[in-house]
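Worksheet for the structure shown next.
Here is how names work: the chains are called A, B, and so on, in the same order as the sequence lines, proteins then strands, and each is numbered from 1. These numbers were taken from a predicted model, which means no experiment stands behind them.
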Amino acid sequence: MEMTMGPGGRPPEGEARGEGKNFIQHLIDADLAAGNYDRVQTRFPPEPNGYLHIGHAKSICLNFGLAVANGGACNLRFDDTNPTKEEQEFVDSIMEDVAWLGFQWDNLHFASDYFGDLYRLAEKLIEIGKAYVCDLSAEEIREYRGTLTEPGRESPYRYRDPEENLDLFRRMKAGEFPDGSRVLRAKIDMASPNLNLRDPVLYRIQKSRHHRTGDDWCIYPMYDYAHPLSDALEGVTHSICTMEFEDHRPLYDWCISSLDMPVKSRQIEFARLNITYTVLSKRKLKLLVEEGHVNGWDDPRLPTLSGIRRRGYPAAAIRAFCESIGVAKANSTVDIAQLEFFVRDHLNYHTPRAMAVMDPLKVTITNYPEGQVEMMQVVNNPENKEAGSRPVPFSRDILIEKSDFMEFPSKKFHRLSPGAEIRLQNAYYIRCEDYRKDENGEVVELFCTYDPKTRGGWSEDGRRVKGTAHWLSAPHAFRGEVRLYDRLFVAENPDETPEGGHFLDGLNPASMEKVAAYLEPSLLEAKVGDAFQFLRQGYFVADRDGQPGRPVFNRIVSLKDSFKKKG
RNA sequence: AGGGGUGUAGCCAAGAGGUAAGGCAACGGUCUUUGGAAUCGUCAUUCGUUGGUUCGAAUCCAGCCACCCCUGCCA
């Protein structure tokens, strides 16, 4: 850990070689060096039509990260140009999610704030003969557009003169025409091999109420028109988006140059995030929620930021993960194990330990005085001395995990078995002297003896013991619900469905298991959002479904287990 | 088929004519009061492929192959 670091936490020699920079930063460096811009400004531009997921987190970290790295600014701008799909509920959740991730936007904007400017710019486009009102129906426009291999045909309205276009456009705005009857189109090139350039629609008539502008407008700008101009109006220098917009870049540039916008924003595309064993498309997530395969948008199994948050993934871990995966243009699917690594990495240091028994086996310490209770002082986090310690009661009646005992142990099993001795962590060494079975032949109780000279879990004679188990004093333990979450899909790539299949076929039927667990007394005080490492089992967070005296814990992620894999 | 992209290890990903970074995963060793953590080590004679240029190519050139995106009045 003690290596020389340069400013920014990177090895200085790496800094000198330009390592640690993604291709976008290289482009920014070149832009700055060439004098194309004298500052850097980015933006995160979600459409408020749904919940953010971890794919958005990559974009958020990228945009805000680039702004910080270059001493620039990053805005949060809602791309709310389609009133039929957008709602205030989503803008609220998006702001909450971005803030939770740990970023503060320099300015908050809405594309709808620019509707007036955008309208005036459209009139200008008409005046200079670069846009026209087209009366073709949606279906006709599609037919006229041509195909991938055949050029399109020009609209019969393409050469209307500017005065008529202006008049028509104003009347569109005034609400004189019904929805779908006319659109404003850019006059570019119907024969372009890039379909986005075949006179794209700039404005459509849509008489629906907008969540922010109400009924002020009945014409709304399209993304391809509103986005570049909003960027330019706002002063964005580098407009970062995902690969599917690469074909739109010529149109993006066309808008900015045709209107001679003072700021020449530059669009740069990168590949969106995919993760194994989950889906990251809005459509599929919506289906999972609406069909009830999960319980709402913040279901802890979902990759939504609200789901991840409830699951107990720390924001810092998400940021570290996004940093680690890099930024490139190649399609890729990151192994979910990489995400889980950063979650464990963060939680290991930041989370106090506690003891919980999921599947109890009764242990009676036969030589321990009946009625006696000792308070054992237990370290909260061996990784962090400042986390302190807590008292945990110990008594004659103990609970351990069933899986910590084997009647006929395998060679590598070094937990409890007849005659074997193990350590109860922070308490005593115990030896299994006998056990009792029920009528089904299942072991239901262990009779052990303890060594009074091993208090705290240390043996004075230097005698070593191979296994260490977690435990609970039966009379002091209380019950709580534990939800054992696992990956949502058993299919590694749920998006790649076999022919005739559906992505839902890949769902994991056991993605959540509810367990009535026994918990140590200190856990009674856990507040919603408090995270713990349940010793030897995994990381858990108190869920909002808990009741006073009856908490609910979500398993965030299990601990790595090299034993199971070998067995 | 026309256009736009992308191919470096099981998964991400650096690399920019000088002899393949790093992380995840995996596998060994050490250590350990969590079968966790920590720690040490192993893991690409080769960069989709075939040719070419060069003293020298993952980097430059040409061809081929594979995959992704584009025919919303969605974003």
Side-chain angles (χ1 to χ4, degrees), chain A residues 14 17-22 26 45-47 49 79-82 84-86 134 136-138 141-143 145-152 179-185 192-198 200-206 220 222-224 226-227 241-250 269 271 273 276 282 321 323-342 344-345 348-349 353 355 379 382-383 412-415 423-427 456-458 465-470 533-538 558-567:
Chain A
R17 272 185 285 140
E19 278 180 13
K21 290 183 175 181
N22 59 52
H26 286 303
E47 180 188 15
N49 70 341
D79 238 332
D80 56 349
T81 57
N82 185 350
T84 64
K85 296 190 172 178
E86 297 145 8
C134 180
L136 255 25
S137 70
I141 286 182
R142 196 185 321 128
E143 286 166 9
R145 186 158 32 227
T147 69
L148 292 177
T149 49
E150 303 154 15
D179 286 12
S181 59
R182 281 175 231 263
V183 291
L184 182 72
R185 290 229 252 170
S192 172
N194 182 343
L195 305 228
N196 295 302
L197 263 20
R198 319 244 262 228
V201 173
L202 265 22
Y203 266 91
R204 76 282 213 183
I205 301 171
Q206 211 155 74
Y220 291 92
M222 299 288 289
Y223 166 87
D224 279 319
H227 203 90
C241 64
T242 43
M243 291 299 286
E244 66 269 27
F245 293 106
E246 200 157 29
D247 287 342
H248 297 237
R249 198 193 326 145
E269 311 83 14
L273 175 66
T276 55
K282 207 168 261 181
F321 167 72
E323 185 68 29
S324 80
I325 57 177
V327 182
K329 292 171 81 97
N331 281 339
S332 64
T333 302
V334 178
D335 192 336
I336 196 168
Q338 188 158 343
L339 209 207
E340 293 174 340
F341 167 82
F342 285 97
R344 290 191 186 100
D345 192 48
N348 179 42
Y349 186 79
R353 284 50 332 184
M355 293 193 283
V379 163
E383 307 298 324
K412 296 231 175 166
F413 186 82
H414 45 253
R415 278 123 67 168
R423 168 170 43 231
L424 257 20
Q425 192 174 44
N426 289 295
W458 296 101
V465 101
K466 271 188 183 169
T468 299
H470 60 279
Q533 182 196 108
F534 287 178
L535 219 63
R536 302 205 297 140
Q537 306 191 89
S558 64
L559 249 33
K560 286 183 67 175
D561 187 349
S562 57
F563 180 64
K564 277 181 193 163
K565 287 173 187 169
K566 285 178 192 169

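Between A:His26 and the phosphate of B:rG15, there is a side-chain N or O to OP1/OP2 separation shorter than 4.0 Å.
For the atom pair CG of A:Asn348 and CZ of A:Arg353, the computed distance is 5.0 Å after rounding to the nearest 0.5 Å.
Residues A:His470 and A:Gln425 are not in side-chain contact: their nearest non-hydrogen atoms beyond the backbone lie 4.5 Å or more apart.
By the side chain to side chain contact (heavy atoms under 4.5 Å, CB included) test, A:Leu273 pairs with A:Ile54, A:Lys58, A:Ile275, A:Leu280, A:Phe321, A:Ile325, A:Val334, sequence neighbours left out. For A:Asp345, the side chain to side chain contact (heavy atoms under 4.5 Å, CB included) criterion is met by A:Phe341, not counting sequence neighbours.
Side-chain N/O atoms of A:Asp247 and base N/O atoms of B:rG3 include a donor-acceptor pair closer than 3.5 Å. For B:rG36, the base has a donor-acceptor partner in the side chain of A:Glu383 [N/O atoms by modelled type, under 3.5 angstrom].
Closest contact between the side chain of A:Gln338 and the listed nucleotides B:rU6, B:rA75, B:rC11 involves B:rC11.
Taking the O4'-C1'-N9-C4 or O4'-C1'-N1-C2 dihedral as appropriate, B:rG52 has a value more than 90° from 0 and is therefore anti.
The ring of A:His414 lies on top of the base of B:rG35, close enough and flat enough: under 5.5 Å between centres, under 30° between planes.
Annotation: B:rC61 and B:rG2 have their C1' atoms spaced 25 Å apart (nearest Å).
Comparing A:Glu47 and A:Arg423 by the nucleotide of RNA chain B that holds the closest heavy atom to each, the one mapping nearer the 5' end is A:Arg423.
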